[in-house]
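We number each residue from 1, following the sequence as shown. As the structure is a computational prediction, the values presented were derived from the model and not from experiment.
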Amino acid sequence: PKATRLLSPWVEKRALEAATGLNYRPAAAELLRWLRVKVSAWLIWKCVQFHGAKLCEQLERGWWPDRAKAVPARVVVTEIDSTYLKRQQRGRVSAGPVGHFPMHLGLHYSGRERRYQKRGSRSARLQNKRWILSSQAVGIFGRRLAWQRLRHFEPGSFEVFLSDGDEGLKWVREREFAQSQWLLD
């Protein structure tokens with residue numbers, strides 16, 4: 001990992017493509033020619049070992065970052081909330097009004113379990129938690145939240161939607177989560 005922090009992901013990818021021979025010195029020479037970046041053959045070898053181990057681990061588990069494995073769940077709870085944050089001003093302070101922007105948070109989970117078995121403890125851990133945070137328009141955020149739910153949880157489960165009475169969140173609930181049972185948060 002220490003060796004791979006020295007290269008950008010694009011340079012790493014080019015180095016891995018060039019490192020198909022028996023020796024990594026030609027790959028280092030090609031990187032110098034392509035990018036004008038001097039990289040040692042040892043660093044390319046370390047990157048190949050690191051990414052090769054990651055690839056073997058992914059092949060063993062059958063899991064890929066770009067393809068989520070849908071989890072079976074009896075109940076999927078979706079919580080959504082929005083707020084306005086104050087925009088930070090850098091440099092000179094302007095005499096105009098302070099700007100604010102919306103921030104939306106969505107959370108999917110399939111249940112709760114007690115974190116501590118101590119009597120009277122109310123601390124809980126959410127199971128199969130997936131969340132999304134966005135400052136885009138509430139319509140775009142609602143569509144992405146619905147896609148995330150379909151991607152990470154198998155269809156056919158009972159759906160519960162928790163939100164407050166905000167108009168934008170009500171629109172998301174009616175448009176994207178019409179099949180869900182709604183509870184006021």
Side-chain angles (χ1 to χ4, degrees), residues 1 4-5 8-10 12-13 50-51 53-90 93-94 96-185:
T4 58
R5 280 196 303 258
S8 71
W10 188 76
E12 266 186 322
K13 183 179 178 190
F50 177 76
H51 287 287
K54 280 176 119 177
L55 180 63
C56 287
E57 180 185 342
Q58 288 176 352
L59 288 173
E60 283 178 12
R61 292 189 305 170
W63 178 82
W64 297 89
D66 59 342
R67 283 185 267 148
K69 192 171 185 179
V71 175
R74 289 179 38 212
V75 175
V76 176
V77 179
T78 301
E79 293 188 32
I80 186 172
D81 201 6
S82 293
T83 188
Y84 278 90
L85 298 178
K86 183 177 176 182
R87 190 176 313 274
Q88 294 183 356
Q89 297 180 354
R90 303 194 190 282
V93 178
S94 64
V98 176
H100 289 76
F101 64 96
M103 185 62 67
H104 312 290
L105 173 67
L107 175 69
H108 301 289
Y109 58 92
S110 62
R112 297 179 183 186
E113 61 184 13
R114 287 180 61 177
R115 184 173 294 189
Y116 307 110
Q117 297 303 322
K118 189 175 182 181
R119 187 173 171 182
S121 173
R122 294 182 147 190
S123 180
R125 178 178 288 127
L126 302 179
Q127 297 173 338
N128 301 317
K129 178 173 55 173
R130 301 283 184 257
W131 61 275
I132 185 171
L133 181 72
S134 177
S135 62
Q136 293 181 338
V138 74
I140 295 171
F141 170 73
R143 176 59 51 102
R144 288 186 176 168
L145 184 68
W147 284 343
Q148 185 185 40
R149 190 251 175 261
L150 293 173
R151 184 174 182 216
H152 290 284
F153 295 97
E154 288 183 356
S157 58
F158 185 73
E159 298 178 28
V160 177
F161 190 83
L162 299 171
S163 71
D164 54 15
D166 183 61
E167 285 297 318
L169 301 183
K170 182 180 176 184
W171 183 85
V172 168
R173 182 187 80 221
E174 292 171 355
R175 181 153 180 121
E176 302 295 338
F177 295 92
Q179 73 284 1
S180 300
Q181 180 71 34
W182 177 65
L183 297 172
L184 183 62
D185 186 7

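Looking at every heavy atom in both residues, G106 comes nearest to L145 through CA-CD1, 3.7 Å. When every heavy atom of N128 is checked against every heavy atom of V71, the shortest pair comes out as ND2-CG1, 3.5 Å. The two residues V138 and G168 have their closest heavy-atom pair at CG2-O, 4.0 Å. Across every non-hydrogen atom of F141 and I132, the tightest pair is CE1-CG2, 3.7 Å. Heavy atoms only, all atoms of each residue included: G142 and V172 are closest at CA-CG1, 3.7 Å. Closest heavy-atom contact between S134 and M103: O-SD, 3.4 Å.
Remark: E174 CD to S180 OG distance equals 12.5 Å, nearest 0.5 Å. Taking CD of E79 as the start and CG of L183 as the end, the distance is 10.0 Å to the nearest 0.5 Å. For the atom pair CD (E167) and OG (S82), the distance works out to 12.5 Å, reported to the nearest 0.5 Å. Residue F158 holds its CZ atom at 11.0 Å from CD of Q179, rounded to the nearest 0.5 Å. In this structure, CG in L162 is found 10.5 Å from CD in Q181, a value given to the nearest 0.5 Å.
Heavy atoms of other residues, nucleotides or ligands lying less than 6.0 angstrom from CZ of F101 number more than 12. For R175, the CZ atom counts as loosely surrounded, since its 6.0 Å shell holds 12 or fewer non-hydrogen atoms of other residues, nucleotides or ligands. Counting heavy-atom neighbours within 6.0 Å of W171 CH2, excluding the residue itself, gives a total above 12. The environment of CZ in R114 is crowded: more than 12 heavy-atom neighbours from other residues, nucleotides or ligands sit within 6.0 Å.
Salt-bridge annotation for E159 and R149: present, with a side-chain N of the basic residue lying under 4.0 Å from a carboxylate O of the acidic one.
Each of H108, R173, E176, Q148 was compared with T78 under the side-chain hydrogen bond (donor to acceptor under 3.5 Å, both in side chains) criterion, and only H108 meets it.
Checked by atom type and distance alone, the side chain of H104 never pairs as donor or acceptor with a backbone atom of I80 at under 3.5 Å.
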